[in-house]
Structures are given as C-alpha cells and as structure tokens.
Amino acid sequence: MQQFHQDFRESVKRIYRAFVLVFSALVLVSCFLIYGMIDPGFSAFRQADPLEDYAVVDEDENWDKIENGIHLRTGLKDGVGLMETVNNCTNCHSAKLVTQNRMDAARWAATIDWMQQTQNLWDLGGNEEIIINYLVTNYPVKKKGRRVAIDNIEWYDLEN
Ligand code: HEC
C-alpha cells in the first residue's frame, strides 16, 4: 500500500511536470507568433544598417525633376542650357527675377556684366553664351502690344 502510494505520487508529479513543460512551450510559441504579427521582419533583433538613414535616393531623384517642360525646383523652362542657367543664376535670387526680365542678348550680357561688377557674380566662362542663348530662346522679348507698322501703302497724290 505504502509503495503504491509513493508510485502514485511520483506519477502525478511526473504528469504535472510534463503538463507545465508543455504549457510553457505553448506560451513561448504564442509569444513568438504574436511578436511575429507585430514585427514580421523581426527587425528589433537585427543589427541596424547605418547606411539606411542616408538612403534619401528619392529626394535626389526629384532634385532636378522636370515635369511638363518645367524644371520644378526653379520653375524654369526646360531647354538647351537649362542646367547652366539653374546652376549659375538661381543661387543668389529667385529664378523669377530672371524670367520676369525679357531682354535681348546684348542687354543680358550687360546685366550679367553689371552683376559681375557690383554683385559678386563670378566669371561664367563659356557658360555665359549658353545661358544668354537659353534666356533669349525661352524668354524672348515680348511683342509690343501695338499692331505691326504698315509699310506697303500705295499713297495717292492729293489733287488740288
Ligand atoms: C552672386 C550672386 C548672383 C548671381 C549668381 C546672379 N545674380 Fe542676378 N542679381 C544679383 C543681385 C544681388 C541682384 C540685385 C537684386 C535686387 O535688386 O534685388 C541681381 C539682379 C538680377 C536681375 C535684375 C536686374 C535689374 O535690372 O533689375 C536679373 C535679370 C538677374 N539678376 C539675372 C541673373 C542671371 C541671368 C544670372 C545668371 C547668369 C544671375 N542673375 C546670377 C546677384 C546675382
């Protein structure tokens, strides 16, 4: 009887232990699954990639984006010499100051001269011609609001 008692208690203990073990395993697995739902990439356990913060590729791509023929950052029209103009003429003032002025090539050259003498504009080298061409082509002098002068008139002589 005594022996039976002890055996019985032993098996109860064993069953109890097995039960606790299985239960703990279940709890662990569910924790794992729930965490997997919250953070599927298990990113908290991975070494952070120090370069990830600097991956601003998107912004770089948009920096000189052109849409519908307009350089978005400056509002300048797309055309030959656009980037030379952007890089040399939008550093100190808005591109609007440039585009609101309609000049011919000679007056552009004079304006650039004036900025170089008084506003610290640098020597543009070969870009000066490219920029002036760009401006004259894309921002031509506006036509005057008056009708074109008539030039082939047949005058008649007034008779006495
Ligand atoms: C180093 C700085 C700087 C750069 C670069 C620069 N400018 Fe200017 N620009 C100025 C300053 C300063 C003024 C005077 C602004 C004002 O009056 O408020 C000015 C004025 C102007 C004006 C108005 C002139 C007027 O008669 O009112 C035009 C047009 C102009 N710039 C065109 C250009 C063009 C085209 C380029 C590129 C070749 C250029 N700027 C590059 C400094 C600069």
Side-chain angles (χ1 to χ4, degrees), residues 21-160:
L21 217 76
V22 168
F23 185 73
S24 323
L26 268 175
V27 168
L28 265 173
V29 168
S30 356
C31 281
F32 185 74
L33 286 178
I34 290 171
Y35 182 80
M37 274 160 60
I38 298 168
D39 181 10
F42 289 88
S43 59
F45 298 100
R46 275 189 290 132
Q47 184 96 44
D49 180 357
L51 285 180
E52 217 156 51
D53 290 344
Y54 297 98
V56 282
V57 177
D58 252 6
E59 264 175 45
D60 282 346
E61 268 176 11
N62 288 332
W63 181 241
D64 278 324
K65 197 172 181 188
I66 292 167
E67 228 172 69
N68 299 325
I70 298 293
H71 182 254
L72 293 184
R73 177 159 59 87
T74 58
L76 290 173
K77 292 182 194 168
D78 190 17
V80 179
L82 166 71
M83 285 325 291
E84 285 83 352
T85 308
V86 167
N87 291 335
N88 289 291
C89 305
T90 61
N91 325 58
C92 302
H93 46 66
S94 145
K96 286 230 173 66
L97 187 67
V98 179
T99 56
Q100 75 192 3
N101 282 277
R102 305 300 189 114
M103 309 188 202
D104 55 27
R107 284 189 56 214
W108 272 121
T111 304
I112 288 172
D113 256 8
W114 168 79
M115 271 181 290
Q116 282 168 334
Q117 279 160 23
T118 63
Q119 312 297 345
N120 280 329
L121 174 59
W122 45 87
D123 182 19
L124 296 168
N127 282 335
E128 177 159 343
E129 200 186 322
I130 297 173
I131 291 169
I132 291 177
N133 274 338
Y134 168 84
L135 291 171
V136 172
T137 309
N138 294 285
Y139 299 96
V141 179
K142 280 192 180 125
K143 298 228 161 38
K144 293 282 190 304
R146 295 183 54 189
R147 64 167 168 77
V148 178
I150 299 169
D151 54 6
N152 56 345
I153 309 168
E154 288 176 25
W155 298 105
Y156 53 88
D157 290 326
L158 282 177
E159 283 155 23
N160 291 328

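Numbering of ligands and ligand atoms starts at 1, following listing order. Values below: all heavy atoms of this structure, side chains included; hydrogens, waters and symmetry mates excluded.
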Output the list of atoms in ligand 1 that are nearer than 4.0 Å to some heavy atom of [X], sorted by atom number.
| X | answer |
| --- | --- |
| Trp114 | 14 (C), 19 (C), 20 (C) |
| Asn88 | 5 (C), 37 (C), 41 (C) |
| Leu124 | 38 (C) |
| Leu135 | 35 (C) |
| Asn120 | 1 (C) |

Yes or no, since that's all I need: does a protein heavy atom fall within a distance strictly under 4.0 Å of [atom]?
| atom | value |
| --- | --- |
| atom 8 (Fe) of ligand 1 | yes |
| atom 31 (N) of ligand 1 | yes |
| atom 27 (O) of ligand 1 | no |
| atom 16 (C) of ligand 1 | no |

Check step by step if side chain to side chain donor-acceptor pair (under 3.5 Å) holds for His71 and Asp78.
CA-CA 6 Å; His71 182 254; Asp78 190 17; over 6 Å; no
Are more than 12 heavy atoms from other residues, nucleotides or ligands located less than 6.0 Å from atom CD of Glu129?
no
More than 12 heavy atoms of other residues, nucleotides or ligands under 6.0 Å from CG of Asn120: is that the case?
no
If you define the side chain from C-beta out and look only at heavy atoms, does anything of Leu121 sit under 4.5 Å from Trp114?
no
Heteroatoms of the protein, restricted to N/O/S, which lie under 2.8 Å from atom 8 (Fe) of ligand 1:
His93 NE2, Met115 SD
Considering only the protein, which heavy-atom contact is closest to atom 25 (C) of ligand 1, and what is its distance?
Asn101 OD1, 4.8 Å
To the nearest 0.5 angstrom, please state how far the [atom1] atom of [X] sits from the [atom2] atom of [Y].
| X | Y | atom1 | atom2 | result |
| --- | --- | --- | --- | --- |
| Glu128 | Gln116 | CD | CD | 5.5 Å |
| Asp113 | Thr118 | CG | OG1 | 10.0 Å |
| Asn62 | Glu67 | CG | CD | 9.0 Å |
| Met103 | Ile132 | CE | CD1 | 10.5 Å |
| Leu135 | Arg107 | CG | CZ | 12.5 Å |

Does either side chain, that of Asn101 or that of Trp108, offer a donor lying less than 3.5 Å from an acceptor on the other one?
no
Between Trp122 and Asn87, what is the shortest heavy-atom contact and its length?
CZ2-O, 4.4 Å
